[in-house]
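The structure appears below as structure tokens.
Treat the numbers as computed from the prediction; the structure is a model and nothing was measured. A, B, ... follow the sequence lines: proteins, then strands. Residue 1 opens every chain.
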2 protein chains.
Amino acid sequence: MLELIDIDAWKLDQQKAVSPQLRVVLRSRIIRNNLKPMSRLSEPELAKEYGVSRQPVREAFITLVDEGLLEIRPQRGTFVKKIDYEAVLNARFVREAVEADIIRQLASRPNAELVANLRQEIADQYKAASGSPLQFIELDERFHRSLAQAAGVARAWDYLEAIKSQMDRVRFMTFEEFPSITLVKQHEQVVDLIEQQDVKAAEEAMRSHLREILKSLPKVHEIYPEYFENSPGSPRDT
Amino acid sequence: MLELIDIDAWKLDQQKAVSPQLRVVLRSRIIRNNLKPMSRLSEPELAKEYGVSRQPVREAFITLVDEGLLEIRPQRGTFVKKIDYEAVLNARFVREAVEADIIRQLASRPNAELVANLRQEIADQYKAASGSPLQFIELDERFHRSLAQAAGVARAWDYLEAIKSQMDRVRFMTFEEFPSITLVKQHEQVVDLIEQQDVKAAEEAMRSHLREILKSLPKVHEIYPEYFENSPGSPRDT
DNA sequence: AACCACCCACTTCCATACAAGTCAACACAA
DNA sequence: TTGTGTTGACTTGTATGGAAGTGGGTGGTT
């Protein structure tokens, strides 16, 4: 989960273990571009800020390195990773492939109850789309998760979540101008085609929906080139 | 990478950081079924065994929890996770979806050089198939990675690797009776169809290749039911 | 015999201290 | 002025000690 709400005013729960909580907080701060690429995070500084020792901070760092959000340079420092242009493209590729197969599953057999639930979700999305883009992102996530769950591969979405963070970072940078309404309409079309059991068209609709980020990615890159690495123009970033 | 060779007789490199090395070693021992499901791993014990302190061991544990190989029950102990039947199925689903799209990419345009390289790999696979199944697994991994790389999504394979460990555990349990020759022939057919640029047939060949595990999985489950959780028969494993 | 309260060895989690590497600033010499 | 060597304040990596929680065994009571 993105844990979008109230991240800045986070208080640690003394009952639960500290390090997983720190992990969630820091991940959210990075994805929301609150902690900017290349900025330095020091273990003792964050430890003091959250009133804990270095050890749990360090453990949170390690997990975030695995997610590709941090980079630890031994004896030098820990830095927020730049957004890896190639990683974003590859994550998108994986996501398109998986969700396309999910749609094929769903569209190949009738499922009235599912369609009804999805239409309810879309109604909520329409409400949020014009207002809070933050809430819309949550609903969008829920929508895609529902599809995976209905196809009997809820775990597959868990796998995708770990990949998705790179895409989400781009999303949060282009935030305001995000075409939420367009995306809701695309969702709706996918549901329509599932209902009609038009497998090929439904799959293609989902694929083109997931190619939307290919439009915004170059724009974001042009505005903030310093936030990216492995960009198409400069193959040799060291 | 699986790091298949020399894991048991591993000596830590004092120069490099200890905790990532421990991570590789422990992961390999789990995947190879050297550390059996439900067996208990104690921080101080492993620390003594490798001549280091508890802290790096603990950090290795944490990363392996994220990979779904370990389970830390606070104040109780750390245990090798059972093989999650559902997770294996979902991992397989993801892998099929991604690799199917990779094949579509490759088969849709001529690529003589790639085909030549792949044929060389397959020749090596034939050699290894009759002899060392361990080496065959390495070559198999290389083959699939080559496909991803040729499609321009090398990173996508990195993502899959994190998922694949659950599948690999099954593989290593069914080890001896593994139909290596069959798999090589399936590889060969995929390459043939790529060369002929028969997109649909190539995709379907890859999909059915990746469904092979669906045959062996129930067998392994029947032989070692105590190593599995979330198995289809018993929905309520607690 | 059956049951219950207590204790103690064990676990993970966190705090703290120390070790070792990096790098920038500064003094100093050519 | 320029180049160079050195120092010292940083960084992350590792070791170790204590805190809190868990669970099994023990001994006493009913």
Steps toward side chain to side chain contact (heavy atoms under 4.5 Å, CB included) verdict (A/Arg27, A/Leu69): CA-CA 8 Å; A/Arg27 172 170 49 215; A/Leu69 298 179; 3.8 Å; yes
Let's go through B/Leu160 and B/Val98 carefully: what are the C-alpha distance in whole Å and the side-chain angles of both, what is the deciding distance for side chain to side chain contact (heavy atoms under 4.5 Å, CB included) to 0.1 Å, and is it a yes or a no? CA-CA 9 Å; B/Leu160 288 187; B/Val98 174; 4.0 Å; yes
Determine whether A/Glu49 and A/Arg29 satisfy the following criterion, salt bridge (charged side-chain N to carboxylate O under 4.0 Å, His left out), listing intermediate values before the conclusion. CA-CA 14 Å; A/Glu49 177 177 339; A/Arg29 288 180 67 180; 3.5 Å; yes
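Listed by residue number, A/Arg58 are the residues of residues 57-68 of chain A with a heavy-atom contact under 4.0 Å to DNA chain D.
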Could you pull out all donor-acceptor pairs under 3.5 Å where a side-chain atom in residues 217-227 of chain B meets a protein atom, sequence neighbours excluded?
unit_1: B/His221; atom_1: NE2; unit_2: B/Ser231; atom_2: OG; d: 3.4

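In the model, A/Gln120 has a side-chain atom that pairs as donor or acceptor with a side-chain atom of A/Asp124 under 3.5 Å.
Comment: B/Arg142 does not engage B/Glu138 in a salt bridge, judged by the lack of any side-chain N to carboxylate O separation of less than 4.0 angstrom.
In this structure, the NZ atom of B/Lys16 is 17 Å from the C1' atom of C/dG21, given to the nearest Å. At whole-Å resolution of the value, CZ in A/Phe79 and C1' in D/dT12 are 11 Å apart. In this structure, NZ of B/Lys48 is placed 15 Å from P of D/dA15, rounded to the nearest angstrom. Taking atom CZ on A/Arg54 and atom P on C/dC13, their separation rounds to 19 Å, with Å as the unit. One can place CD of A/Gln21 at 13 Å from C1' of C/dC13, the figure rounded to the nearest angstrom. Whole-Å rounding puts the A/Leu46 CG to C/dC14 C1' distance at 17 Å.
Two residues are said to be in side-chain contact when any heavy atoms from C-beta on lie closer than 4.5 Å; A/Phe93 and B/Ile102 meet this criterion.
Between B/Ser53 and D/dA15 there is a side-chain polar atom (N or O) within less than 4.0 angstrom of OP1 or OP2.
The minimum heavy-atom distance between B/Lys82 and B/Pro37, with the atom names listed, is CA-CB, 3.9 Å.
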Review item, nucleotides 7-11 of chain C N/O atoms under 3.5 Å of protein N/O:
none

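Residue whose closest nucleotide on DNA chain C sits further toward the 5' end, between B/Gln55 and B/Ile72: B/Ile72.
In the displayed structure, A/Gln149 atom CD is contacted under 6.0 Å by at most 12 heavy atoms of other residues, nucleotides or ligands.
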